[in-house]
Amino acid sequence: MGGTLARRRDQVLDAAVEVLGVEGARRLTYQAVDRAAGVPTGTTSNYFRNRAALVDGIAEHLLTLERREWEALTAGPAPAGPGELAAAMTAFARHAAGPGRARTAARWALLLESAVRPGLRAPLGRGRQAVLERSTEWVRRLGSGVPERHGRILVDHLEGVVMRQLAFPDGAFDPAEEMRALVGGLLAGPEGGARGEVRGGATGGHAG
């Protein structure tokens, strides 16, 4: 019984994320979520007694979903050079602005709501922190002298690129070149540790 209830709750939250990301915060209603989830009318309100509780549930659920996605996208070996790092960041941007578009838009909607509901910042912050930690570790392995700063710059740029694509869709969206330029500039500079020009997914050498 408990497992069935948990699955139904996840089903409702999956639908709520989709509604929020595709239709926007103003369309996030019990009725819209029930329809999207294909459940009887009143199901969503049974789990979440008011809109604030529903939004809180979405934030925590989205954190779980994005953690799984990020872990799947970064499951292989760490990037062995600036080119591989740029390629990994590009792949994430393409996913976030493509197949993962609804979830990305839902997260941005929650970020905007967190400006007036500070309680949402904790789960959203944990999600960003997980990405920051991986980005920081990657540039540290590649010899960055200031990995926390470089990792943050990469994540900030990644989020900006994805946000731009969501707001102003470009059918030819391909952030690979600018990712290579950014990664190469950071790691080839005085505070970086890489050698060689960044081309595609390879560089002139590998990190030890």
With no hydrogens and no angle check, is any side-chain donor or acceptor of [X] less than 3.5 Å from a backbone partner on [Y]?
X	Y	answer
Ser114	Leu111	yes
Arg128	Leu124	no
Thr104	Gly100	yes
Tyr47	Leu54	no
Thr90	Ala86	yes

Applying side chain to side chain donor-acceptor pair (under 3.5 Å), name anything that partners [X], two or more places apart in sequence or on another chain.
X	result
Arg101	none
Gln165	none
Arg134	Thr74
Arg51	Glu113

Taking the side chain as every heavy atom from C-beta outward, state whether [X] and [Y] have any atom pair closer than 4.5 Å.
X	Y	result
Val33	Leu13	no
Phe92	Glu69	no
His150	Leu154	no
Arg7	Gln11	no
Thr43	Tyr30	no
Ser144	Leu187	yes

With a 4.0 Å cut-off, would you call [X] and [Y] a salt bridge?
X	Y	value
Arg141	Glu137	yes
Arg103	Glu18	no
Arg94	Asp174	yes

> Between Arg9 and Leu5, does a side-chain contact (heavy atoms from CB on, under 4.5 Å) hold up when you go through it step by step?
Replying inline: CA-CA 6 Å; Arg9 185 178 187 275; Leu5 290 175; over 6 Å; no
Considering all heavy atoms, the nearest [X]-[Y] contact:
X	Y	result
Val139	Pro147	CG2-O, 3.5 Å
Ala53	Phe48	O-CD2, 3.5 Å
Val161	Pro175	CG1-CB, 3.8 Å
Trp108	Glu159	CZ2-O, 3.8 Å
Pro123	Gly119	CD-O, 3.8 Å
Phe173	Ala97	CE2-CB, 4.0 Å

>> Working to the nearest 0.5 angstrom, can you tell me the gap between Leu158 CG and Ile153 CD1?
In response: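 Interatomic distance, Leu158 CG to Ile153 CD1, rounded to 0.5 Å: 13.5 Å.
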> From Arg180 CZ over to Leu182 CG, what is the distance, rounded to the nearest 0.5 angstrom?
Replying inline: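 Reported value, rounded in 0.5 Å steps: 12.5 Å.
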> Taking atom types as modelled and ignoring hydrogens, do the side chains of Asp34 and Thr44 form a donor-acceptor contact shorter than 3.5 angstrom?
Replying inline: yes
> Does Leu112 belong to the same Ile/Leu/Val/Met/Phe/Trp/Tyr cluster as Leu20, with side-chain heavy atoms less than 4.5 Å apart forming each link?
Replying inline: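 No, Leu112 and Leu20 fall in different hydrophobic clusters.
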>> Between Val162 and Val22, is there shared hydrophobic-cluster membership here, with clusters defined by ILVMFWY side-chain heavy atoms closer than 4.5 Å?
In response: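 Result: no, two separate clusters.
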Name the atoms and distances for all side-chain donor-acceptor pairs under 3.5 Å in residues 55-66, with sequence neighbours left out.
unit_1	atom_1	unit_2	atom_2	d
Asp56	OD1	Arg117	NH2	2.7
Asp56	OD2	Arg117	NH2	3.2
Glu60	OE1	Arg126	NH2	3.0
Glu60	OE2	Arg126	NH2	3.0
His61	NE2	Asp14	OD1	2.6
Thr64	OG1	Glu60	O	3.3
Glu66	OE1	Arg107	NE	3.4
Glu66	OE2	Arg107	NE	3.2

>> Does anything in residues 152-171 form a ring-ring contact (aromatic ring centres under 6.0 Å, His included)? List the pairs, not counting sequence neighbours.
In response: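 Not a single pair qualifies under ring-ring contact (aromatic ring centres under 6.0 Å, His included).
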>> Quick one, Glu178 with Arg164, criterion salt bridge (charged side-chain N to carboxylate O under 4.0 Å, His left out). Give me CA distance, side-chain angles, the key distance, then yes/no.
In response: CA-CA 14 Å; Glu178 60 187 274; Arg164 183 184 67 207; 3.2 Å; yes
